[in-house]
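Let me begin by presenting the structure, written as structure tokens, before commenting on it.
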Number of protein chains: 2
Amino acid sequence: MRLTTKGRYAVRALFCLSKYTDEKPTPLSVVAKDQDISLNFLEQLFVHLRKNGIVSSVRGPRGGYRLAKKPKDITIGEVLRAVGEATYPVFCTEDDIPNNKQCPRADECVTHLLWIKLGKTINDFLDSTTLEELYQFKPE
Amino acid sequence: MRLTTKGRYAVRALFCLSKYTDEKPTPLSVVAKDQDISLNFLEQLFVHLRKNGIVSSVRGPRGGYRLAKKPKDITIGEVLRAVGEATYPVFCTEDDIPNNKQCPRADECVTHLLWIKLGKTINDFLDSTTLEELYQFKPE
DNA sequence: TATAACTTGACTATTATTGTTAGTTTAGCA
DNA sequence: TGCTAAACTAACAATAATAGTCAAGTTATA
């Protein structure tokens, strides 16, 4: 039950963006260097972050990315889900399973509700923690 | 961030064991049929459950496994950890990392404490939920 | 108009997962 | 005593997911 690099890198990259709050957008090359993450991999992540309204982009020279919302309005949960990180611990508890693919054991499976409860615990935490709060966690 | 089958199967298998509470041990063949899990895979899981004092074994014909403790004294967390399921979301927050392998970014990494807090949330839930409580979750 | 950025999609090496296969050892029972 | 059911052990393999890389564009603006 590990986060994948997609989720971990996305949070770090956005934290990095939130440090450059001047009006100019920040190119990914800066983020890549700052966080030691492959530029190409970052680009893939930011496609999804942009489509989910978490960042906005400016093309061309002097272009880059900006947070589309204030750090206090961006939750860790929405960032993880945006880049495809699963925030529910088992497949059969996902909200978005089409009915025809629902877990065939759901009815008799005693663990089903256990995992739902665990998933809710996880998501409650992730959705109530914002990018802004990362600064509080920062060691001095 | 998904549980692996090791963790999910272990919980289901132990729940199954808890149903057969008579003095006779239950062979894994019964559990395998009841929960539709491969016998060989179950055997691998039970090696670790036994070594962690969650079940006791009786070899030979009429042998099998028994819970070594009462269901109310077996937490979901200890079961998951016994079979090697990670209950912390990222590697660098594990308790048991040898010092020489500690995350090199730990000092400057703002996300470090975030993941620790998430891991604590998850483990608090898992360690306060027992096998016995699964019966409450069981749909009628 | 050249450059520095973003965009897209295909591809791949590595690793973890999820078992399988093939046995050995133990002990109850006829 | 020998048969058999069951736990135990270890090596192996198929599959899937992860973690990127690579290549070939498109767009905007200094």
Side-chain angles (χ1 to χ4, degrees), chain A residues 1-13 17 20 23-52 54-66 68 80 83-86 88-91 94, chain B residues 1-13 17 20 23-52 54-68 80 82-86 88-91 94:
Chain A
M1 203 169 114
R2 300 272 195 206
L3 285 167
T4 65
T5 51
K6 277 194 287 191
R8 289 183 285 117
Y9 283 16
V11 172
R12 278 168 54 201
L17 264 200
Y20 303 104
E23 58 295 330
K24 287 183 300 181
T26 308
L28 288 189
S29 55
V30 169
V31 178
K33 189 166 287 178
D34 187 273
Q35 294 290 321
D36 193 26
I37 298 174
S38 137
L39 175 58
N40 288 299
F41 199 53
L42 272 183
E43 285 173 343
Q44 287 182 35
L45 296 179
F46 272 72
V47 168
H48 298 289
L49 293 173
R50 185 176 57 77
K51 286 183 178 166
N52 282 274
I54 294 169
V55 298
S56 59
S57 63
V58 177
R59 309 183 76 162
R62 303 288 186 102
Y65 284 99
R66 249 192 291 253
L80 296 183
V83 295
E85 180 79 59
Y88 274 88
V90 297
F91 178 69
E94 290 285 339
Chain B
M1 203 169 113
R2 301 272 194 205
L3 284 165
T4 66
T5 51
K6 277 194 287 193
R8 290 183 286 117
Y9 283 17
V11 173
R12 277 169 53 200
L17 263 199
Y20 304 103
E23 59 293 332
K24 288 183 300 183
T26 307
L28 289 189
S29 54
V30 169
V31 178
K33 189 165 289 181
D34 188 272
Q35 293 291 322
D36 193 25
I37 298 174
S38 136
L39 175 60
N40 291 299
F41 198 54
L42 273 181
E43 284 172 343
Q44 286 182 36
L45 297 179
F46 273 72
V47 168
H48 298 288
L49 293 174
R50 185 176 57 78
K51 286 182 179 165
N52 283 274
I54 295 169
V55 297
S56 60
S57 65
V58 178
R59 305 184 74 162
R62 303 287 186 103
Y65 286 98
R66 249 192 291 252
L67 294 183
L80 295 183
V83 295
E85 179 79 60
Y88 273 89
V90 298
F91 178 70
E94 289 286 340

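Excluded from the calculations below are hydrogen atoms, water molecules and symmetry mates; all remaining heavy atoms, backbone and side chain alike, are included. Below, chain A is the first sequence line, B the second, and so on; all start at residue 1.
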Please determine if a side-chain N or O atom of Ser38(A) lies less than 4.0 Å away from the OP1 or OP2 oxygen of dT21(D). yes
With sequence neighbours excluded, what pairs up with Ser57(B) under the side chain to side chain donor-acceptor pair (under 3.5 Å) test? none
In whole Å, what is the span from the CD1 atom of Ile37(B) to the C1' atom of dT17(C)? 15 Å
Hey, does the side chain of Tyr9(A) come within less than 4.0 Å of dA19(D)'s phosphate (OP1/OP2), counting only N and O? no
Val47(B) and side chain to side chain contact (heavy atoms under 4.5 Å, CB included): which single residue from Gln44(B), Glu43(B), Lys51(B) fits? Lys51(B)
Euclidean distance, atom CE of residue Met1(A) to atom P of dT18(D) [Å, nearest integer]: 15 Å
Report all interatomic pairs (protein N or O, nucleotide N or O of nucleotides 4-11 of chain C) with separations under 3.5 Å.
residue: dT7(C); atom: OP1; partner: Arg50(A); partner atom: NE; Å: 3.1
residue: dT7(C); atom: OP1; partner: Arg50(A); partner atom: NH2; Å: 3.4
residue: dT7(C); atom: OP2; partner: Tyr65(A); partner atom: OH; Å: 2.6

What closest approach, in Å, do Met1(A) and Pro89(A) show between heavy atoms, and which atom pair accounts for it? SD-CB, 4.2 Å
Has Thr5(A) got a side-chain N or O lying under 4.0 Å from the OP1 or OP2 atom of dA19(D)? yes
Whole-Å distance between dG20(D) P and Gln35(A) CD? 14 Å
Minimum heavy-atom distance between Val83(B) and Lys6(B), given as atom pair plus value: O-CD, 3.4 Å
Send over the distance from Leu17(B) CG to dA7(D) P, rounded to a whole Å. 10 Å
Validation row: Val30(A), Tyr20(A) side chains within 4.5 angstrom (heavy atoms): yes
Distance check needed: dA19(D) C1' versus Arg2(A) CZ, whole Å only. 16 Å
State which residues pass side chain to side chain donor-acceptor pair (under 3.5 Å) with Thr5(B); sequence neighbours excluded, sorted by chain then number. none
What is the distance, to the nearest angstrom, from the CG atom on Leu49(B) to the P atom on dA7(D)? 13 Å
Could you check how far CD of Glu85(B) sits from P of dA16(C), rounded to whole Å? 14 Å
Nearest 0.5 Å, what's the CD1-CG distance between Ile37(B) and Leu42(B)? 5.0 Å
Could you check how far NZ of Lys24(B) sits from C1' of dA5(D), rounded to whole Å? 14 Å
